[in-house]
*Asks:* 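Okay, handing you the structure first.
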Amino acid sequence: MLFGQCLSAQNTDQKVILITMDGFRWQELFTGADERLIDDKAFNGSEGLKSEFWRDTAEERRKALMPFVWNFIAKEGQIHGNRSLGSKVDLTNGMWFSYPGYNEILTGKADDERVDNNSKINNPNITVLELLNKTTEFKGKVFAFGGWDVYPYIINEDRSGVPVNAGFKLAEGKELSEKEKFLNEIQPQIPSPFETVRFDAYTHHYALETMKKHQPNLVYLAFNQTDDFAHRGDYSAYLKSAYTTDVFLKDLWEFTQSDPFYKDQTSFIIATDHGRGTQPVENWKHHGAKIDGADQVWLIAFGNQVTVKGEAAQNEQLYNNQVAPTILKWFGLENLGKELPGDPINFSLAE
Ligand SMILES: [Zn+2]
């Protein structure tokens, strides 16, 4: 018997890159810069920002903001959550802020009883990273990187054994690459404007160096700048952070396709922990259960396990709690997620 009796992983060659973009609205993903904000000085908008990201149509605007997503992923993968086309992605947790949002994405289950704040408390729930790291096949092949200094608790680094380089942590280990040494040198020299979050560029480059060195099968990259600049009401930095994340996505994809360990064996899944408000206009700065629409999110996937469908344009309802079971399925470990409330998303289904 081929299936059923095998309790261990099936797809040992599979690699997955999970990426989150903190509090990035579906509105900007699908329609680009917001007309009400882009040149409003109250939100650091300007004519300069307008020339960079304003175009006459939503299709052009979104391409200007995230060119890799809309020129490449839209042709090679799937983009869900454009509510004006009927595609919906929502949270199942009732909190609509970060720790509960990441808990839902990473563990496959909302836990409003126990996960209801952003404090540095070790997660009682088990993430897909931990599940994978506890299998014999993938032990030591799971790494996480993030901008926010709470990820070591969300991922429960102590219990899971998954190394989490987040917050202002430097690269550690005996054989640091030249890039890691340089990143370690400049990270403390470039003060972050945020108390608990570093710039995304450190997260990105530390992750890439680890991929080159340790060849993890599952890598989690958590980018946070979009949310922090939004809270500050800085629309210019919010848009530029989204643009930069797009550059990182391209960089990661090109790396995986240039490296024989990853080439043609890697799938990407990209999500956000929550949405943000839209009405009144200044609610773009906020999220949380009192902000209308902050439970509306989006989901992107591309790579070897994903058929080409482009921008989803049919009525559908997906939830963030389906991300973890989908990743387990990609690794052939769907048994480990069978108690979870959400089903794996069938990204490989041909229509
Ligand atoms: Zn926030």
Side-chain angles (χ1 to χ4, degrees), residues 18-29 33-34 37 42-44 65 81 89-107 110-112 115-121 123 144-155 164 166-168 192-204 220-245 248 270-299 319-321 323:
L18 168 64
I19 296 168
T20 54
M21 233 178 130
D22 201 310
F24 183 60
R25 293 193 297 186
W26 68 266
Q27 288 87 352
E28 274 88 5
L29 175 63
D34 189 328
L37 298 165
F43 301 114
N44 202 22
L65 186 62
V89 187
D90 288 275
L91 306 181
T92 66
N93 77 77
M95 302 287 143
W96 310 357
F97 58 85
S98 284
Y99 197 139
Y102 293 118
N103 174 70
E104 179 172 346
I105 292 169
L106 295 172
T107 72
D111 183 1
D112 289 355
V115 181
D116 63 356
N117 65 77
N118 277 342
S119 303
K120 289 178 178 165
I121 296 169
N123 198 341
F145 301 83
W148 191 27
D149 65 2
V150 182
Y151 290 111
Y153 302 89
I154 300 173
I155 293 161
V164 184
F168 301 99
S192 169
F194 317 115
E195 208 159 305
T196 61
V197 173
R198 68 179 169 199
F199 284 120
D200 293 334
Y202 300 110
T203 299
H204 174 66
Y220 174 40
L221 291 92
F223 298 122
N224 298 99
Q225 267 173 240
T226 38
D227 185 69
D228 288 280
F229 282 123
H231 282 300
R232 295 196 163 201
D234 188 338
Y235 199 60
S236 171
Y238 171 79
L239 291 185
K240 287 171 186 172
S241 298
Y243 178 84
T244 305
T245 303
F248 295 153
I270 312 167
T272 186
D273 54 334
H274 54 75
R276 327 191 71 80
T278 53
Q279 298 289 351
V281 66
E282 78 139 43
N283 267 5
W284 82 276
K285 298 199 298 193
H286 310 300
H287 57 87
K290 292 198 175 104
I291 301 293
D292 256 1
D295 57 337
Q296 300 177 355
V297 292
W298 48 264
L299 205 52
Y319 293 101
N320 261 12
N321 69 3
V323 172

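Ligands are counted one by one from 1 in listed order, and the atoms in each one are counted from 1 as well.
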*Asks:* Determine how many protein N/O/S atoms sit closer than 2.8 Å to the Zn ion (ligand 1), leaving waters out since they are not shown.
*Replies:*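 Protein heteroatoms (N, O, S) closer than 2.8 Å to the Zn ion (ligand 1) number 4.
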
*Asks:* May I ask you to say whether Asp149 pairs ionically with Lys120, meaning some side-chain N is under 4.0 Å from a carboxylate O?
*Replies:*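 Here Asp149 pairs with Lys120 in a salt bridge, since their nearest N and O are under 4.0 Å apart.
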
*Asks:* Answer with yes or no whether the side chains of Ser98 and Asp273 bring together a donor and an acceptor at under 3.5 Å.
*Replies:*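 Yes, Ser98 and Asp273 have a side-chain donor paired with an acceptor closer than 3.5 Å.
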
*Asks:* Indicate, with yes or no, if the rings of His231 and His287 have centres closer together than 6.0 Å.
*Replies:*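 They qualify: ring centres under 6.0 Å apart.
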
*Asks:* Using a 4.5 Å cut-off on heavy atoms from C-beta on, say whether the side chain of Val150 contacts that of Thr196.
*Replies:*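 No, every pair of side-chain atoms sits at 4.5 Å or beyond.
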
*Asks:* Are Trp284 and Tyr238, when compared by the centres of their aromatic rings, separated by less than 6.0 Å?
*Replies:*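 Yes, the ring of Trp284 comes within the 6.0 Å limit of the ring of Tyr238, centre to centre.
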
*Asks:* How about Phe194: does its CZ atom have over 12 heavy atoms from other parts shown lying under 6.0 Å from it?
*Replies:*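 Correct, the count exceeds 12.
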
